[in-house]
Amino acid sequence: MVQGENPSSLGAERLDRNHEGQETRDDSDVESRLLDNGKAYDRETDAGINLDGGGTAPKTGKSKKKKQKSEQDRLMTAEINKLLAESPLEKNVTCGFWIFKGTFYQRFANQTAYVLLYGIVGCIFSMTYAYFNGTITTIEKRFKIPSKNTGIISVGNDISQTLVSAVLAYYAGKGHRPRWIGFGLLTIVFFCILTTAPHFLYGPGEDALALTSEFGGVPDENSTMDAIEEQRSKTLCRLSGGGAECEVGEGNFAPQLLLFVAQFISGIGGSLYYTLGVSYMDDNTKKSKTPALLSLSYFLRMLGPAIGYALASFCLRLYIAPQMHPVINNKDPRWLGAWWLGWLVMGGLLSFSGVFLSMFPKELPRAVARRKVEENRRREKERLSVKRTEKERLTAELDQKSPAEAKASFQDMLKTFRRLITNKTYMCNTLSSIFYLVGYTPYWIFTPKYIEVQYRQSAATSSMVTGTVALAFSAVGVLLSGFIISRYKPRARYMAAWNVIVGFLTVAGILAYAFIGCPGNESSVIVNIHDSSLAGNTTTCNSDCSCDYVRYSPVCGENNMTYISACHAGCKKLLVNSEGKKVFYDCSCIPSDGTGNSTTQFKRLTIFDLSNDELSQNTSSQSQLEALANGQAKPGACPVNCWTQFVAFLAVMCCLKFVGASGRASNFLVSVRCVPEKDKTAAMGFGMTLCSMLAFIPSPIFFGWVFDRVCLVWGKTCTNKGNCWLYDPLSMRYTLNFTAAVFIAIGAVFDLGVWYYAKDLKIFDEDVKEVELKIVQHEEEASNEKNTEI
């Protein structure tokens, strides 16, 4: 809706007062006055032309235009305030429902309250995904869910968005959008309840209950140490058997089904929240304010993942049955945290905020008043305008009214989708988004793992980088771009051009990733797997160690090489020294230097480090000395100095996060302005359907296959191949980054298409104002030619 472009009665009266006694102006001057919001001015002076021969500085013209715009805004605001004060409260602008109505609630029916509440709800909603990722390991352990099934569960919401987003957005977009958003949030509350339901249906589990004092558990520090020791011993070389065993059985299927259904339902609520919420915001605010408000809501949503992970950390410190008294602590491998507790907290917050969000009126009062003022100005201009054929044609182009909105029906829905599919700007923008999403997928999902594999940083460091540093740069990019767009109001082509620049800068950054590697990391791992299933295998240093089902837990040998695990290094014994550090010894695969001396990198065990208990376990001191003479190792991969490369990677990543986030607001504005107003909500739902179907569902599968192609060492299960233990850093770096760069480059090409087709796209009200000024110039030129001929 165009704002502030037509004359009003207040403006007309002011002009009459300012121009008393003047002669009636000619036809062209009347048209200029009308098309310029009733603000009369000297045409030649404002254009920088003096017919007497004197020149007027362009600065004067710009200053007058700026002053004129400020005056127009003031007049518009005064008329809107007057209309709000005089008009009775209609049903479509009444805030609240049932007994929750009145002056108190009506004061919150404004864009500021809506944007803040919408952003807070988005923050809580995004917390749910982060919380699910933070507690999924505990859920897997409690219900014995295989990781492959967890992957299927997690895409349930994408499947539902693919199936229902477009249809729901079309029908709900023609109704009371805040009420539909409230319904969507109630489905998300139901998602939280269903997710926590397995705990209340099946309880904490017999194993967890047996470790509480209420069920006969006895507090015993030694039991925890025994459990830890048993866990450690499974990584050692066991010549007599008794090593790590494969897990059989997948647990009960019903909890897995409940979790999948919960995720499926969350997709329905998510599609309603995202499609309807943003379109409602855009329809009920001034076009110039949309970028800033949109960026603010994006920023609030970005806070959700960090809060979600913090909530998961807090809940997992509590025992799965908080009312009971566990006899173990949270360092015990048998500990199960209260994974279900956070879902109740988030469900309660969502239900509370969802009720308030649904209380917003169908249209905000100020937006309705603004549209009425604009309609009054339009009618006033039509009444006063000079009847001229060319004038009528140009006015019709400006004041073209949208036809009455068709009622929701299946046939109209098909027509709407057909209009969207044939809209070149919209389809180029949507396809661009799809390819960007596919290209960004590995960095959203696998960045912590990528940092661990490539630069040997700890899991804590990797999570901190992706969860805090990267988030900060993204937040700054989103907020800054939104306020810059609102302040300077660039044309559609400029914003589309920026999206193209963002795309190619992202490609350049990802290609830089491919060349930021750590050479020492790529040659410091020894892969020595003995496959006992193959006949005729020669005897190796670890062929009798039963390492088939030992998980990847790297150790660093005294030769400064990393081994897959203590078992694969042939280490048969473990000791915790006086400093509290674990040392593996009697390692048959690690060559000893023969001197038995320690180095600056590795402090070897000696006979004096062994306690009486360890000595008594051996038949002779000779065998103990032989064990100490063999190779030794310490837990963890050998240190490799990749800090410089890691800092370079971090710098590039922060730049990409900032640049990428700066394009979000402009991309959204182009996507909603390139379609008719009546198709806006349907366009967002249709775009979400395409993105879910072509990006969110297939891309994790595709990049999972890409990661599998660069795997060096696979784990084993009782039935088939397990998870990948070790990746080839060099192959991963090239394959992953080059593949992602190709997808994002294709997206940038489609952004070029958006730039080409967006040349006549109007983003802000000021763009329409420019069209009016062109009409004024056209009329002036025609009048000047006529005067010259006379």
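Note that the numbering runs from 1 along the sequence shown for the chain.
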Once you round to the nearest 0.5 Å, how far does [atom1] of [X] lie from [atom2] of [Y]?
X: W339; Y: Y131; atom1: CH2; atom2: OH; value: 8.5 Å
X: Y129; Y: N133; atom1: OH; atom2: CG; value: 10.5 Å
X: F260; Y: N157; atom1: CZ; atom2: CG; value: 9.5 Å

Item to complete: Tell me yes or no: between the side chains of D751 and Y436, is some donor less than 3.5 Å from an acceptor?
Response: yes
Counting distance only, does the side-chain N/O of [X] pair as donor-acceptor with the main-chain N or O of [Y] below 3.5 Å?
X: S160; Y: F264; answer: yes
X: T196; Y: I193; answer: no
X: W335; Y: L316; answer: yes
X: S671; Y: F668; answer: yes
X: T689; Y: A166; answer: yes
X: S126; Y: R301; answer: yes
X: S351; Y: G348; answer: yes
X: T212; Y: A208; answer: no
X: Q454; Y: P729; answer: yes
X: Y450; Y: M732; answer: no

Discussion item. Checking Y443 against N737 for the side chain to side chain donor-acceptor pair (under 3.5 Å) test, could you report, in this order, the C-alpha distance in whole Å, the side-chain angles of both residues, the deciding distance, and whether it holds?
Written reply: CA-CA 10 Å; Y443 304 104; N737 292 309; 2.7 Å; yes
Please report the closest heavy-atom contact between [X] and [Y], naming both atoms and the distance.
X: M427; Y: I421; result: CG-O, 3.2 Å
X: A566; Y: V555; result: N-CG1, 3.8 Å
X: P700; Y: F696; result: CD-O, 3.1 Å

Worksheet item: Is it true that atom OH of Y309 has more than 12 heavy atoms of other residues, nucleotides or ligands lying nearer than 6.0 Å?
Response: yes
